[in-house]
Structures are given as structure tokens and as C-alpha cells.
Amino acid sequence: MMFEHADGNPVLNLDDEQAWQLIEATQHGRLVVTVAGEPDIFPVNYAVGGRKLYLRTAPGNKLAELTINSKVLFETDGILSEEAWSVVLRGNARILQLSGDIAAAEALGLKSWVPTLKDFYVEIEPTSVTGRHFELGEQPEREI
């Protein structure tokens with residue numbers, strides 16, 4: 001198991017260090033943006049630098065919506081044969097415009113998953129990170 005659970009509890013609330021360990025070991029997640037009360041979700045790949053997330057994007061809904069409302073949610077997770085986990089990050093997104101910021105993001109080696117031009121870098125600065133780790137198994141019998 002990735003993490004030890006106390007008292008046989010199959011659900012572990014992760015501390016910041018455990019959550020970041022999982023974020024840093026993963027390269028994919030979902031970005032949630034909201035405009036005019038309407039949420040939208042996008043699958044993305046990302047890189048981590050200095051406890052911030054970085055992603056690349058092209059012109060379109062995701063970029064436009066980030067410009068309108070910079071408050072975002074980001075979720076990443078993993079499922080293995082005997083365990084699973086989920087981490088949710090709340091934060092503020094900004095489109096990188098300064099050449100030094102873009103160069104620092106490029107140095108993280110973030111590559112696009114699909115062969116399309118993604119010329120915009122987005123940085124997400126977290127305001128909170130929460131996560132849970134699960135030990136998988138059968139539902140126990142209910143005590144009568």
C-alpha cells in the first residue's frame with residue numbers, strides 16, 4: 001500500500017505532503033472552470049513546479065473561460081488493484097505572458113498529448129489541496 005491507514009479504516013484523509021506526493025507522481029487530471037454559474041470540465045496533462053501546476057492549451061473554451069474566471073478546481077486520481085486515491089486542488093489560474101515565466105514552464109518538459117499546437121501556458125497557484133486514499137475491498141456485512 002502507498003499509505004498506512006490507522007485502525008483498519010479503508011479511507012485515509014491525506015495531509016498536504018501525501019497529496020503533493022501523488023500530484024507530483026501523476027501527469028493527468030481534470031480541470032474544472034465555471035463561467036456564469038455553468039461548470040465545464042477538461043481532461044488535461046500537467047507538470048508541477050514549485051508546488052504550482054502548469055498546463056498547455058490552445059485557443060478555445062478552456063482558455064476563454066480561464067480568462068473570464070480564474071478560480072478553478074483540479075482533480076487527479078489513480079486506481080490500482082488494491083488501492084485508489086483522489087486529490088482535489090482549488091486555486092487561481094493565470095495565462096503566462098512574461099518570457100521568463102514561459103521559459104520556466106517550458107523547462108518542466110511539459111508536452112502535449114495530442115499533435116496540436118498548444119501555445120499558451122497556464123499556471124495554477126493552489127489555495128487548498130485535499131485528498132483521500134482508499135483501500136479497496138468488498139463491502140463488509142452489516143451487523144444486526
Side-chain angles (χ1 to χ4, degrees), residues 1-140:
M1 287 287 160
M2 258 183 246
F3 302 109
E4 289 293 320
H5 291 226
D7 303 324
N9 189 339
V11 180
L12 171 68
N13 289 320
L14 301 175
D15 62 29
D16 278 359
E17 291 303 316
Q18 292 167 322
W20 276 104
Q21 179 182 341
L22 294 170
I23 291 170
E24 291 170 350
T26 309
Q27 299 175 1
H28 64 280
R30 283 150 299 284
L31 178 69
V32 179
V33 296
T34 305
V35 174
E38 291 294 322
D40 213 347
I41 188 166
F42 302 94
V44 296
N45 64 309
Y46 68 95
V48 177
R51 292 242 167 146
K52 294 180 183 178
L53 299 186
Y54 295 87
L55 57 101
R56 294 175 69 169
T57 191
N61 287 351
K62 183 185 334 153
L63 189 63
E65 291 174 16
L66 287 171
T67 303
I68 295 167
N69 182 2
S70 66
K71 294 196 180 306
V72 298
L73 286 175
F74 175 83
E75 190 267 346
T76 186
D77 56 28
I79 302 172
L80 304 170
S81 61
E82 296 181 7
E83 59 190 318
W85 56 270
S86 175
V87 174
V88 175
L89 180 147
R90 286 172 168 68
N92 296 301
R94 72 178 180 106
I95 300 160
L96 300 182
Q97 297 181 357
L98 299 176
S99 58
D101 291 342
I102 293 168
E106 286 177 341
L108 297 173
L110 181 61
K111 303 288 185 207
S112 177
W113 276 353
V114 294
T116 59
L117 295 174
K118 298 199 180 211
D119 294 329
F120 294 91
Y121 283 88
V122 175
E123 173 192 88
I124 301 172
E125 184 165 356
T127 56
S128 71
V129 178
T130 59
R132 297 192 304 167
H133 181 264
F134 310 98
E135 292 179 349
L136 303 180
E138 296 294 321
Q139 178 175 317

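Atom set for the values below is all heavy atoms of this structure, side chains included, hydrogens, waters and symmetry mates excluded. Because the structure is a prediction, the values reported are computed rather than measured.
In this structure, the side chain of S86 does not engage the main chain of R132 through any donor-acceptor pair within 3.5 Å. Panel note: side chain E83, backbone M2; a donor-acceptor pair is recorded below 3.5 Å.
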Point to revise | Audit row: F42, L66, side-chain contact (heavy atoms from CB on, under 4.5 Å) steps and yes/no | key: CA-CA 12 Å; F42 302 94; L66 287 171; over 6 Å; no
Step-by-step side-chain contact (heavy atoms from CB on, under 4.5 Å) determination, F74 to L55: CA-CA 11 Å; F74 175 83; L55 57 101; 5.6 Å; no
message = Evaluate V44 against K62 for side-chain contact (heavy atoms from CB on, under 4.5 Å), listing each step before the verdict.
response = CA-CA 10 Å; V44 296; K62 183 185 334 153; 4.0 Å; yes
**Item:** Full working for side-chain contact (heavy atoms from CB on, under 4.5 Å) between W20 and V87
**Value:** CA-CA 9 Å; W20 276 104; V87 174; over 6 Å; no
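Here the shortest heavy-atom pairing between L136 and S81 reads CD1-O, 4.0 Å. The minimum heavy-atom distance linking G37 with P39 is given by the pair O-CD, 3.5 Å. When every heavy atom of V129 is checked against every heavy atom of P126, the shortest pair comes out as CG2-CB, 4.2 Å. In this structure, V11 and N9 approach most closely via the heavy-atom pair N-OD1, 2.9 Å. Between V122 and A93, the shortest heavy-atom distance links the atoms CG1-CB, 4.0 Å.
Separation of atoms CD (E125) and CG (L89) is listed at 10.5 Å; rounding is to 0.5 Å. Note that the CD atom of E75 and the CZ atom of R90 stand 11.5 Å from one another [nearest 0.5 Å]. Here the CZ-CG distance, from R56 to L96, works out to 11.5 Å after rounding to the nearest 0.5 Å. For the atom pair CG (L63) and CD1 (I68), the distance works out to 10.0 Å, reported to the nearest 0.5 Å. Once rounded to the nearest 0.5 Å, the distance linking CG of N45 with CD of Q27 reads 7.5 Å. Annotation: the span from K71 atom NZ to I124 atom CD1 amounts to 13.0 Å, rounded to 0.5 Å.
Partners of R94 by salt bridge (charged side-chain N to carboxylate O under 4.0 Å, His left out), not counting sequence neighbours, listed by chain and number: D101, E123. Annotation: salt bridge (charged side-chain N to carboxylate O under 4.0 Å, His left out) contacts of E106 (sequence neighbours excluded): none. Not counting sequence neighbours, Y54 has no partner by the ring-ring contact (aromatic ring centres under 6.0 Å, His included) test. With sequence neighbours excluded, no residue satisfies ring-ring contact (aromatic ring centres under 6.0 Å, His included) with Y121.
At least one side-chain heavy atom of V48 sits under 4.5 Å from a side-chain heavy atom of L53. Considering only heavy atoms from C-beta on, L31 stays 4.5 Å or farther from Y46 through its side chain.
Counting only residues at least two apart or in different chains, salt bridge (charged side-chain N to carboxylate O under 4.0 Å, His left out) contacts with residues 13-26 comprise E17-R51.
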Return a table of donor-acceptor pairs under 3.5 angstrom between the side chains of residues 110-117 and protein atoms on other chains or two or more places apart.
{"unit_1": "S112", "atom_1": "OG", "unit_2": "V114", "atom_2": "N", "d": "3.4"}
{"unit_1": "S112", "atom_1": "OG", "unit_2": "V114", "atom_2": "O", "d": "2.8"}

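Of the charged side-chain nitrogens involved, at least one lies within less than 4.0 Å of a carboxylate oxygen, so that D77 and R30 count as a salt-bridged pair.
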